[in-house]
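Note that these values count all heavy atoms, side chains included, but never hydrogens, waters or copies made by symmetry. Atoms within each ligand, like the ligands themselves, are counted from 1 in listed order. Everything numeric in this text was worked out from a predicted model, so none of it was measured.
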Amino acid sequence: MIRVQSVRPDSIADELGIDQGTMVLTINGRPVRDSLDLVFYEADERLEIEGVEPDGSLVVYDVEKDANVTLGIVPQPDKVKRCTNACPFCFVKGNPRAGKLRPGLYIKDDDYRLSFMYGHYVTLTNLRAEDWERIVEQRLTPLFVSVHATDPAARLAMLVNPRSANIGEDLDRLAAGGIAVHAQIVLCPGINDGLILERTIHDLYARGEHILSLSVVPVGLTAFNADRGVQQLGSAECCHALEQIDAARERARQERGTAWCYASDELFLQANIEVPGMDYFDDQELMANGVGAISILRDQVRSDLGRLPRFEGRRVVLVTGSSMSQHLHELAVEIAGATGAHIETVTAINSLYGPMVTTAGLLGGEDYRRALEPYQDYDLALFSRTALNDDDLFLDDVRLDELQAEFPELQICPSEHITEVLARL
Ligand code: SF4
């Protein structure tokens with residue numbers, strides 16, 4: 001059952017007069033368990049929807065529509081499936097104490113539905129029989145799976161959950177059900193690097209086309225989980241992992257015409273090796289996992305330079321974390337040359353997680369406020385939209401409009417594409 005949070009204006013649900021708070025029980029006789037069921041079942045052309053209105057009365061709606069038209073129901077958020085692992089590097093455990101961040105950030109989720117819908121990586125260790133059946137029945141493909149290691153002992157050391165050792169059987173089961181997988185390895189020195197990494201890459205590649213890609217990201221620690229027995233990778237360890245990945249890429253390119261295995265930007269940065277260009281990443285859309293984000297930004301800015309307007313004399317500040325800082329600075333110089341604007345790049349320090357956390361998306365509103373203070377008489381400030389949720393809240397619950405109110409002279413713009421914002425000036 002789902003409960004209606006709102007209905008979209010002028011949608012079918014709006015025309016039917018479906019109220020906020022209505023419970024949707026079934027569509028065409030099938031129970032609607034969550035928002036994923038709603039998406040699946042509302043795709044039919046003829047619908048019989050059984051519900052309960054907020055006053056408790058039963059209601060049935062008959063609908064005829066095109067298959068590609070949705071009902072316009074926005075359901076209340078589903079209860080997420082919780083993680084049953086105890087990874088020593090867990091980023092949720094690396095959060096500052098409760099109360100410092102938005103409450104939802106303290107939930108350890110491991111939800112295959114979010115994996116299918118939004119590309120969240122899951123471990124498969126909390127799946128019940130009915131979840132496995134549903135994955136196959138609704139063809140939830142591809143799924144994004146944190147494999148970490150195919151060696152059972154190494155995976156157990158990573159996830160600290162007896163069920164983690166079944167990864168081979170779990171992947172067999174997905175393959176038998178026709179479910180493809182984007183796999184991920186979070187690389188922890190002394191646990192799943194070296195020979196274990198070699199074996200994991202080999203085992204996953206040997207599974208054939210069913211494993212669509214493999215991303216390798218270095219473990220990221222914060223000031224709050226750095227004492228739990230896992231270390232950061234050193235630069236020599238990162239270089240070694242990159243060599244192992246390169247060997248796999250070369251083989252995959254020859255045999256399959258795609259590189260298949262991808263190192264995240266952070267692995268290159270920690271190895272002190274230049275992040276490669278777009279051709280490294282093929283057509284894979286793995287940016288949410290930090291794979292290719294720098295190349296995409298570089299490519300996009302450079303291809304847009306020619307269509308930027310001139311705005312001599314305007315002063316712009318770009319705020320980012322230290323991992324992106326040098327790359328953004330180089331692009332800022334190119335943008336300044338193309339537009340005549342004065343562009344500064346400023347590196348914000350993460351006060352929530354500690355300075356070892358260097359990505360812009362994990363900076364809090366207070367960090368941005370401190371970084372912007374010296375630039376309050378500038379015209380425009382840009383930073384990555386990944387630092388905000390859909391309600392324009394930073395991780396530390398600071399609202400974007402609160403930040404803007406503190407700098408009345410400065411136009412503050414979160415951006416997905418820097419050049420798109422600048423082109424509108
Ligand atoms: S899988 Fe590991 S890292 Fe992810 S939420 Fe669970 S314990 Fe944390």
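Relative orientation of the Tyr262 and Tyr280 rings is perpendicular, given thresholds of 30° and 60° on the angle between their planes. Ring geometry for His120 versus Tyr118: interplanar angle of 30 to 60°, hence tilted.
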Report task. Would you please test Glu137 and Arg30 for salt bridge (Lys or Arg N to Asp or Glu O under 4.0 Å) and show each step? Result -> CA-CA 13 Å; Glu137 184 199 319; Arg30 293 170 294 195; over 6 Å; no
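Distance remark: protein heavy atom present below 4.0 angstrom from atom 3 (S) of ligand 1.
Taking atom 1 (S) of ligand 1 as the reference point, the nearest protein heavy-atom neighbour is Asn85 ND2, 3.4 Å. Among all protein heavy atoms, the one lying closest to atom 8 (Fe) of ligand 1 is Cys90 SG, 2.3 Å.
Side-chain atoms of Leu267 and Ile245, non-hydrogen and from C-beta on, do get closer than 4.5 Å to each other.
Cys83 lies apart from atom 2 (Fe) of ligand 1 in this respect, since none of its N, O or S atoms is found at a distance under 2.8 Å.
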